[in-house]
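Heads up, the thing below is written out as structure tokens.
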Protein chains: 2
Amino acid sequence: MTLTATPRLEARQLRLDWSDGRSDHFPYLWLRDTDPAGFHPQTGERVFDLTSVDLDLAPEAARVESGALLLDWPGSDTPSRFALDWLMAHRPGTARHDPAEIAPEAWRADLGAAGVPRATAGEVLNDDAALAGWLHASKRFGLSIVEGLDDSTEAGMAVARRIGFLRETNFGRTFEVVSKPNPNNLAYTADALPLHTDLTNQELPPGWQFLHCLANEATGGGSVFCDGLAVARDLAREDPAAFELLSTVTVPFRFHDAETDIRARKTVITLAPNGAVSEICFNAHLADILDIAPELMPDYYAAYRRFMQMTRDPAYAVTLKLKAGEMVVFDNRRVLHGRTAFDPSTGFRHLHGCYVDRGELDSRIRILARAAEAEQAA
Amino acid sequence: MTLTATPRLEARQLRLDWSDGRSDHFPYLWLRDTDPAGFHPQTGERVFDLTSVDLDLAPEAARVESGALLLDWPGSDTPSRFALDWLMAHRPGTARHDPAEIAPEAWRADLGAAGVPRATAGEVLNDDAALAGWLHASKRFGLSIVEGLDDSTEAGMAVARRIGFLRETNFGRTFEVVSKPNPNNLAYTADALPLHTDLTNQELPPGWQFLHCLANEATGGGSVFCDGLAVARDLAREDPAAFELLSTVTVPFRFHDAETDIRARKTVITLAPNGAVSEICFNAHLADILDIAPELMPDYYAAYRRFMQMTRDPAYAVTLKLKAGEMVVFDNRRVLHGRTAFDPSTGFRHLHGCYVDRGELDSRIRILARAAEAEQAA
């Protein structure tokens with residue numbers, strides 16, 4: 001069915017009465033500001049200058065021709081032209097379609113290791129549809145496994161680079177999780193690591209984390225994951241006052257060694273403008289000396305400790321004993337990770353890691369969706 | 001004067017009556033959680049486990065000895081020991097000293113090109129005190145110039161790397177600002193660029209920008225800067241309703257080309273929890289099709305257009321005609337930059353750029369301050 005509409009000029013906006021009976025309003029300034037002719041033909045960036053028109057700008061006439069709205073502006077010989085289906089998709093006040101908006105599915109222990117989405121390195125590296133499917137599943141669960149990686153520290157990073165460039169941090173562009181002498185980070189010991197998210201001391205903690213297992217022969221060293229989204233949602237229901245404190249009170253985080261001293265204030269739970277949980281920042285190791293008002297501390301500690309206990313509750317835990325050639329991939333701003341202690345005298349444990357930020361992963365999903373749509377249209 | 005204090009055990013907290021007559025409260029949980037013995041000796045990270053104690057934990061006894069508070073916990077043979085001067089510096093509810101917290105000084109056109117802080121590449125590269133001084137001035141004004149750079153694309157980046165690693169983006173780790181065929185960004189044309197901040201389409205727009213001028217022989221191509229902090233503060237006074245809209249309504253930004261489609265929602269003005277302006281995100285080129293409610297659009301456009309007009313008001317502009325060997329450095333999340341059009345037929349214009357994020361720069365300031373303090377103490 002071809003979309004048609006009847007335009008009506010109102011005081012500061014155009015009303016379009018669609019042929020299906022619905023109506024939408026398009027402020028004149030918006031129409032002038034979004035005229036497709038006002039965007040650079042090569043860069044796609046807006047070159048129209050809003051200061052070149054008055055706030056009370058109004059078209060002299062509006063008509064619909066061949067599926068397009070045409071507007072005549074005073075003092076201009078060239079009408080603005082908008083395809084009606086484009087106007088329908090971009091009508092003010094409605095959310096734009098975004099292929100990267102994939103609803104998260106909160107999970108708990110019953111997901112099990114077997115429920116974690118899996119893909120093979122070969123398909124992800126060579127097949128765009130497989131890459132898109134893997135990214136979709138990874139966003140849904142915040143956790144996935146890629147298997148069949150070569151025995152090379154580059155193999156996991158090559159998979160990550162299929163998405164985008166690596167996020168560099170003070171630990172480098174990639175990092176080795178091995179037991180080291182003189183560690184500057186608990187990850188580089190053989191100690192158990194309770195569940196946490198990485199680098200909460202950064203203004204923007206890294207988004208997606210990639211941990212490629214090259215060797216895991218030591219006794220212990222199991223990897224544990226917990227969906228912070230599930231914990232936060234349950235806390236909101238079970239203890240709204242605790243949820244309120246953890247999502248509104250900012251607390252200091254800090255990492256410091258000989259070369260760096262990086263600090264940030266965060267809430268443990270970050271909410272999107274619509275109230276949905278958008279991020280978890282939880283790292284007791286990097287939590288700096290708490291500096292909130294002493295009167296607030298008893299309630300805050302109770303809320304924080306409850307969250308901590310929940311993250312360690314087996315009801316939320318999925319445990320994986322990673323094998324050489326497997327890489328675990330997770331949203332570091334949603335899914336907490338940890339490990340059991342290991343005994344370095346019983347064998348070598350070596351993970352090679354890197355990060356790719358959320359923005360790059362979402363961009364890759366959009367580009368893959370664009371290519372898939374173009375293919376379908378052809 | 002040696003600090004002394006008398007401890008008193010209260011219901012859930014310890015009161016310290018300082019010898020100067022003041023008192024402070026230290027909740028018992030906080031004291032247990034911040035016991036210096038609970039931090040890893042090498043990594044400095046907290047290893048104490050909050051879930052190992054009860055919320056109503058209380059010490060059996062408290063005493064002050066040799067400038068330190070000692071606390072005996074039930075069931076523990078080892079008392080916690082806190083230096084009194086450390087407790088004074090870290091008492092709950094008070095802001096911690098941070099050498100990187102440097103009050104910004106809003107500037108307008110009367111700063112003039114002559115008022116922009118300057119440093120030479122040689123001193124910044126070789127002298128820590130000069131580096132610290134330059135970073136301090138850069139944070140104060142959000143803008144500085146480094147001069148005396150070698151005629152090499154590496155020269156400016158070497159100065160940036162004195163601070164920290166470079167922030168990679170979809171444009172690479174460094175970028176060339178030259179007029180290019182088939183540009184994917186307006187910076188890569190010879191067009192005028194109205195005042196803007198870069199990459200507002202990113203979840204975290206890059207912090208500090210470095211633009212090293214290698215050649216500027218074309219007619220035109222002057223660089224213009226405007227302190228977004230000054231504009232925002234003036235707007236708050238002159239038009240509080242506009243300021244309110246720009247600091248609360250998020251709007252979409254997007255950059256897309258053949259390889260990327262990166263989107264983010266932002267307010268034009270971001271406020272810190274204390275209400276101070278902490279960030280400006282203003283880029284009409286990257287502003288995506290506005291999607292807010294049509295009823296809100298007339299007021300929003302009026303506020304946005306007013307902000308835009310202010311950024312172009314000569315009352316705020318400092319213009320520099322960069323010379324080869326000079327590098328301009330600015331806080332891309334505070335100071336807007338732009339350029340006048342240039343005529344590529346009249347000569348070559350070539351800037352080489354990169355970014356270093358705010359976190360790395362603040363870390364460098366802290367490390368330099370730590371070294372300076374250690375030197376003074378020695």
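With respect to the salt-bridge test (charged N to carboxylate O, under 4.0 angstrom), the residues Asp239(B) and Arg306(B) qualify. With respect to the salt-bridge test (charged N to carboxylate O, under 4.0 angstrom), the residues Arg12(A) and Asp56(A) do not qualify.
Using a 4.5 Å cut-off between heavy atoms, His40(B) touches chain A through its side chain atoms alone. Looking at Thr94(B), the atoms closer than 4.5 Å to chain A (heavy atoms on both sides) all sit in the backbone: N, CA, C or O. Heavy atoms of Phe39(B) lying under 4.5 Å from chain A belong exclusively to its side chain. Only the side chain of Glu203(B) comes within contact range of chain A, with at least one heavy atom under 4.5 Å from a heavy atom of that chain. At a 4.5 Å heavy-atom cutoff, the contact between Asp257(B) and chain A is made by backbone atoms alone. Heavy-atom distances place no part of Arg265(B) under 4.5 Å from chain A, backbone and side chain included. The part of Leu166(B) that comes within reach of chain A is its backbone (N, CA, C, O), which places non-hydrogen atoms under 4.5 angstrom from that chain. In this structure, chain A has no heavy atom under 4.5 Å from any part of Arg167(B). Neither the backbone nor the side chain of Asp357(B) comes within contact range of chain A; no heavy atom of the residue lies under 4.5 Å from a heavy atom of that chain. In this structure, the portion of Ala258(B) lying under 4.5 Å from any heavy atom of chain A is its backbone and not its side chain. The contact between Leu29(B) and chain A is made by backbone and side chain atoms together, counting heavy-atom distances below 4.5 Å. Only the side chain of Arg358(B) comes within contact range of chain A, judged by heavy atoms closer than 4.5 Å. Interface remark: Arg91(B) contributes no atoms to any contact with chain A (heavy atom separation under 4.5 Å). Both the backbone and the side chain of Arg305(B) come within contact range of chain A, judged by heavy atoms closer than 4.5 Å.
In this structure, the side chains of Tyr304(A) and Val249(A) stay at 4.5 Å or more apart for every pair of heavy atoms. Side-chain contact between Glu360(B) and Arg364(B): absent, with no pair of heavy atoms (C-beta onward) separated by less than 4.5 Å. Inter-residue side-chain proximity for Leu31(A) and Ser80(A) is flagged as unmet; no heavy-atom pair is nearer than 4.5 Å.
Proximity of the aromatic rings of Tyr355(B) and Phe175(B) is defined here by a centroid distance below 6.0 angstrom, and this criterion is met.
Residues Thr200(B) and Asn283(B) bring no donor and acceptor atom of their side chains to less than 3.5 Å of each other.
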Point to revise | Step-by-step salt bridge (Lys or Arg N to Asp or Glu O under 4.0 Å) determination, Arg96(A) to Asp98(A) | key: CA-CA 6 Å; Arg96(A) 202 71 38 80; Asp98(A) 181 356; over 6 Å; no
